[in-house]
Structures are given as structure tokens and as C-alpha cells.
Amino acid sequence: MTDGSGGRRLTTAEAAGRLGVKPATLYAYVSRGLVGRERAADGRTSTFDPAEIDRLARPGRPRRGRRPAAELVLPSSLTAIDRGLPWYRGLAVPDLAGSRTFEEVATWLWTARFPAAGSGPRGGGWRAGDAALGAGRRAQAALPAAALPLERIRVIAAALAAGDELRLELHPAAVTAAGRALIAGLVDCLPHEGPPPPEGAAVAARLWAALSPLDPEPGLVATLDAALVLLADHELAASTVAARVAASVRADPYAVASAGLATVSGSLHGGASLGIEALLAEIDLPEGAAAVGGARLRDRAAGVVGGRLRRGERLRGFGHRLYPGGDPRARVLLDRLRATAAGSPRLAVVEALLDATARRGLPEPNVDLALAALAHVAGMVRGAGEAIFAVARTAGWIAHALEEYDRNTPIRPRAVYTGPAPGS
């Protein structure tokens with residue numbers, strides 16, 4: 001066990017000891033790209049370069065890049081980003097997207113157990129109370145007709161909270177029950193764009209009815225369910241930090257979700273897909289992809305992309321700092337779209353955009369682009385991508401809230417003061 005210069009590498013315990021942190025915090029540094037690690041010969045444990053650890057231990061620890069994101073490190077057993085993949089409680093997320101439903105994965109995140117086989121319909125236990133549903137539907141109905149789905153979801157969350165008199169009961173079983181009711185309510189209070197789903201339908205089928213005017217196509221509904229799985233959690237993303245801070249001071253699960261929803265709407269977070277939806281719509285106009293044809297569609301995509309770059313606009317949806325080799329969540333979603341919507345004119349628009357950006361050397365697409373692609377191919381309403389993101393991530397926020405309720409310690413970061421000296 002030697003480093004590149006022949007010296008001995010550090011074990012996890014030794015590296016954590018030099019840094020004065022717990023092993024969980026050390027692995028958080030790994031997931032953020034602050035320090036590298038290698039597998040030991042046994043294939044189970046990790047080793048660390050002592051020079052890297054010493055650099056990280058110095059005051060004013062180095063950070064990658066010119067403008068790194070601010071760091072807040074918290075222990076969590078929920079999601080790891082390792083070997084180019086996200087993992088939920090040790091299980092590879094792309095594998096879960098192909099083998100488990102959103103409801104099953106949410107339960108796994110909350111309880112570290114999957115629901116028992118034959119425990120009832122997928123969506124049967126996921127329902128808000130009638131009074132809460134009535135309050136949520138009335139609240140969102142008061143919004144302007146042009147309100148985006150995420151804007152309605154934020155209002156619905158507040159109304160659902162007011163309808164749950166037991167929301168301040170923070171026992172794990174009560175919190176998971178609130179999580180099921182909250183996610184169901186967020187979906188079921190949205191106005192239907194298409195045919196209503198059957199009673200007891202899964203969350204994905206119900207969300208489809210709220211976002212797409214088209215009849216549900218089983219392959220695309222299954223792809224929507226996979227998207228919910230892929231987006232359910234992603235370690236300490238900005239919205240999850242906001243949710244954890246709220247939970248750390250014993251805010252109820254609805255308030256935790258509201259904190260996350262307020263943050264996820266930002267254009268650098270869950271709202272990124274909204275601009276990509278507009279980009280795809282611009283490429284698809286005015287004749288429609290079916291009329292334009294392959295070569296002309298690629299030329300049109302190149303022209304639209306080039307025009308945005310000339311105007312100095314940033315193209316969202318490409319590259320991810322945690323996945324230098326490409327976002328695996330995007331690969332899963334795009335592959336599923338290609339399998340279920342082969343020959344679709346709307347999918348041709350997506351492929352034309354990917355072709356244009358690849359020829360310009362842009363990074364690989366990330367999950368925001370894949371989410372916008374799903375919304376475009378499925379004919380969903382404007383803003384559908386960020387709504388899917390928010391519904392999915394609510395499952396993760398509830399999981400993180402459960403950890404904070406158990407930790408029972410307020411998160412209180414300290415600032416590095418850069419103003420005038422006090423009293424000067």
C-alpha cells in the first residue's frame with residue numbers, strides 16, 4: 001500500500017485522524033472532489049495519498065477550480081457519489097431506476113427497507129386526506145392560469161401543511177406517513193392536463209396526467225418513473241441543505257419540503273430544465289420536426305445554439321462537476337427515451353441538439369437536459385421538468401429530515417467575516 005513515490009498510503013482512519021474529522025466527513029470530501037482515494041488490495045477499504053491529506057489539512061484548505069461552491073459537510077448515510085455513480089444506501093441508482101419504482105426507492109431512502117412484496121398497489125398507500133386535497137386544489141386554483149407547475153406545487157405544499165394537524169409529530173413512522181401524503185398531495189392537487197389516472201395508480205401515472213395532455217404511453221410513463229428514481233436524492237445539493245437546516249431546528253416535514261421547494265426553483269438548480277425546454281421548443285419551430293427533416297433539423301439546431309452563444313447566453317444542461325466522465329443519470333434517461341420513443345419527431349429535436357453541441361465540443365449532457373428531453377418528447381406543459389425534479393426530490397428531503405430529527409442538533413454555520421474591523 002504505497003503512494004506514487006513509493007511511500008505508504010494512509011488508511012481511512014489515519015487520513016481522518018490527520019484531518020481531525022470523522023470518516024463520514026472524509027468520504028464527503030471525496031464525493032466533492034476535494035481529495036482522491038484508491039481501493040486497497042482487499043477491494044473493500046480505501047487508501048489516501050498522505051501529501052493530498054496534508055494539503056487539505058492546512059489552514060485555508062485548497063478547493064478545486066477558480067470559483068468553487070461553498071462547502072458544508074454533514075454526515076449522511078443516504079447518498080454517496082463514488083466511481084462516477086450516485087448510490088442510495090449502497091445501491092447504484094441507475095440499477096434502481098431499472099428495477100424499482102419511485103415509491104419503493106422513496107421507502108428505501110426513508111427506512112433502509114423496501115416495501116414487502118404484495119403489500120398493495122404501488123400508489124394505493126400514497127394519498128393525502130380529503131380535507132388536505134381540497135385545500136391544496138383550492139389554493140392552486142387561485143393562481144393565474146399561466147402559473148407554472150412548480151409555482152402551483154409550492155402553494156400546494158403550504159396548503160397541505162395547514163390540513164395536517166399532526167404534522168409536528170416527528171416520530172419516524174409519522175414522518176414517513178407525512179412524506180407519502182405530501183408527495184401524493186403535490187401531484188394530486190395539480191390540475192389534469194390529460195385523462196385522469198385510474199384509482200390507486202402509481203405516482204408516476206398520476207404525475208403524467210398532471211403534466212401531459214397526451215394519453216399515457218406505458219413506456220414513457222415508465223421512463224417518468226425512472227426519472228423520479230434518478231432524481232430522488234443527490235447528496236447535499238443546495239435545496240437539500242436548505243431542507244436539512246429547516247429540519248435541524250425541528251421544522252415539520254411540510255416546512256422542510258417548502259424550504260427545499262423555494263431553493264430548487266433557482267436556475268442553477270432544479271429550474272435549469274426550464275431554459276432547456278425553451279431551447280428545444282425553439283429548435284422545433286416553426287414547421288415542426290416531422291416537416292423539417294433530418295439534415296435541415298440539424299442545421300436549425302446548430303443555428304439556434306450558435307445564436308445563443310453569440311448573444312453570450314450560457315447553455316444549460318451540459319457537464320456536471322461531480323461527474324467529469326458524464327452524468328450517468330442523463331445516460332439512463334436518454335437511453336430509455338431512445339428505446340421507448342424511437343422514430344418520434346420530438347426525439348429527433350433532442351438528437352439534433354445533442355449533435356450540434358457535440359460538434360462544438362460541449363461537455364456531455366447532464367440530467368437537466370435529459371429531464372427537458374423527457375418533457376419535450378412526452379408533450380408536457382411548460383415547466384414540467386422542474387416539477388418532476390421537485391416531486392422526486394421531496395422524497396430525498398424527507399429522508400434527510402429524518403436524519404436531522406434523529407441528530408437533534410441545529411445546523412449553525414459560522415461566517416468568515418470580511419468587513420471592516422469592528423470599531424474602526
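On a predicted model such as this, the values are computed, not experimentally measured, just so you know.
L150 CG to L274 CG: the interatomic distance, rounded to the nearest 0.5 Å, is 9.5 Å. Here the OG atom belonging to S344 is positioned 10.5 Å from the CD atom belonging to E217, to the nearest 0.5 angstrom. One finds the CZ atom of F102 at 5.5 Å from the CH2 atom of W126 (value rounded to the nearest 0.5 Å). The CZ atom of R152 sits 14.0 Å away from the CZ atom of R154 when rounded to the nearest 0.5 Å. Atom CZ of R300 and atom CD1 of I283 lie 8.0 Å apart (nearest 0.5 Å). Summarising the geometry, atom CG belonging to L182 is positioned 6.5 Å from atom CG belonging to L160; distances are rounded to the nearest 0.5 Å.
A side-chain donor-acceptor contact under 3.5 Å links Y88 to the backbone of V229. In this structure, E151 contributes its side chain and L148 its backbone to a donor-acceptor pair below 3.5 Å. Under a 3.5 Å cut-off, the side chain of S273 and the backbone N or O of D368 do not form any donor-acceptor pair. Judged by distance alone, with hydrogens and angles left aside, the side-chain atoms of R360 form no donor-acceptor pair with the main-chain N or O of D355 at under 3.5 Å. Looking only at distances, a side-chain donor or acceptor of W110 sits under 3.5 Å from a matching main-chain atom of A395. Of the possible polar contacts, none joining the R167 side chain to the D252 backbone as a donor-acceptor pair under 3.5 Å is found. Side-chain atoms of R316 do not come within 3.5 Å of backbone N or O of I276 as any donor-acceptor pair. Distance alone, capped at 3.5 Å, is enough to place a donor-acceptor pair between the E169 side chain and the H171 backbone. With S258 contributing its side chain and Y254 its backbone, the two residues share a donor-acceptor pair below 3.5 Å. At distances below 3.5 Å, at least one donor-acceptor pair connects side-chain atoms of Y405 with backbone N or O atoms of A251.
Between E14 and R8 there is a salt bridge, with a side-chain nitrogen of the basic residue lying less than 4.0 Å from a carboxylate oxygen of the acidic one. Ionic pairing of R308 and E282 is present here: one or more N-O contacts between side-chain nitrogen and carboxylate oxygen are shorter than 4.0 angstrom. With salt bridges taken as basic N to acidic carboxylate O contacts below 4.0 Å, none links D335 and R329. Ion pair E351/R338 flagged as a salt bridge, since at least one NZ, NE, NH1 or NH2 atom sits closer than 4.0 Å to an Asp/Glu carboxylate oxygen. The pair D188-R206 meets the salt-bridge criterion, with a side-chain N (NZ, NE, NH1 or NH2) lying under 4.0 Å from an Asp/Glu carboxylate O. Ion pairing between a basic and an acidic side chain is recognised when a charged N comes within 4.0 Å of a carboxylate O; D95 and R100 show no such pairing. The pair R244-E403 meets the salt-bridge criterion, since a charged nitrogen lies less than 4.0 angstrom from a carboxylate oxygen.
The shortest heavy-atom contact between L109 and A232 is CD1-CB, 3.9 Å. Of all heavy-atom pairs between A330 and A370, the closest is CA-CB, 3.9 Å. The two residues A387 and P149 make their nearest non-hydrogen contact at CB-CB, 3.7 Å. When every heavy atom of L334 is checked against every heavy atom of A373, the shortest pair comes out as CD2-CB, 4.1 Å. Nearest heavy atoms, L224 versus I388: CD1-CD1, 3.6 Å. The two residues A341 and V377 have their closest heavy-atom pair at CB-CG1, 3.7 Å.
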How far apart are the C-alpha atoms of R37 and D82, what are their side-chain angles, what is the distance that settles it, and do they pass the salt bridge (charged side-chain N to carboxylate O under 4.0 Å, His left out) test? CA-CA 10 Å; R37 69 167 173 174; D82 186 40; 2.5 Å; yes

Walk me through whether V203 and W208 qualify under side-chain contact (heavy atoms from CB on, under 4.5 Å). CA-CA 9 Å; V203 168; W208 176 281; over 6 Å; no

Please evaluate residues V391 and I153 with respect to the criterion side-chain contact (heavy atoms from CB on, under 4.5 Å), reporting the C-alpha separation (whole Å), side-chain torsions for both, the decisive distance (0.1 Å), and the verdict. CA-CA 9 Å; V391 170; I153 284 172; 4.1 Å; yes

Could you go through L85 and Y323, starting from their C-alpha distance and side-chain angles, then the distance that decides it, and tell me whether this counts as side-chain contact (heavy atoms from CB on, under 4.5 Å)? CA-CA 8 Å; L85 294 176; Y323 302 111; 5.8 Å; no

Would L26 and I53 satisfy side-chain contact (heavy atoms from CB on, under 4.5 Å), going step by step from the backbone distance to the final call? CA-CA 10 Å; L26 174 61; I53 295 298; 4.3 Å; yes

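Around atom CZ of R382, no more than 12 heavy atoms belonging to other residues, nucleotides or ligands sit under 6.0 Å away. Counting non-hydrogen atoms of neighbouring residues, nucleotides and ligands closer than 6.0 angstrom, the CD atom of E193 exceeds 12 such neighbours. With a 6.0 Å radius and a threshold of 12 heavy atoms from other residues, nucleotides or ligands, R113 has its CZ atom at or below the threshold. Counting non-hydrogen atoms of other residues, nucleotides and ligands closer than 6.0 Å to CZ of R314 gives a total of 12 or fewer.
Within the 4.5 Å cutoff, side-chain heavy atoms of W397 are placed close to those of L261. Side-chain contact between I398 and T176 is absent, with no heavy-atom pair separated by less than 4.5 Å. Considering only heavy atoms from C-beta on, N366 stays 4.5 Å or farther from F318 through its side chain. By the 4.5 Å heavy-atom criterion applied to side chains, L220 and L337 are counted as neighbours. Between W108 and L91 the shortest side-chain heavy-atom distance falls below 4.5 Å. Counting heavy atoms from C-beta on, the side chains of D284 and H376 come closer than 4.5 Å. Side-chain atoms of P363 and T357, non-hydrogen and from C-beta on, never get closer than 4.5 Å to each other. Between E235 and S76 the shortest side-chain heavy-atom distance does not fall below 4.5 Å.
For an aromatic pair to be called close, the ring centres must be under 6.0 Å apart, and H320 with H234 satisfies this. Checked against the 6.0 Å centroid threshold, H269 and F389 count as a close aromatic pair.
Between T79 and D233, the side chains place a donor N or O and an acceptor N or O closer than 3.5 Å (distance only, hydrogens not considered).
Among L315, V305, L354, the single residue meeting the side-chain contact (heavy atoms from CB on, under 4.5 Å) criterion with L362 is L315.
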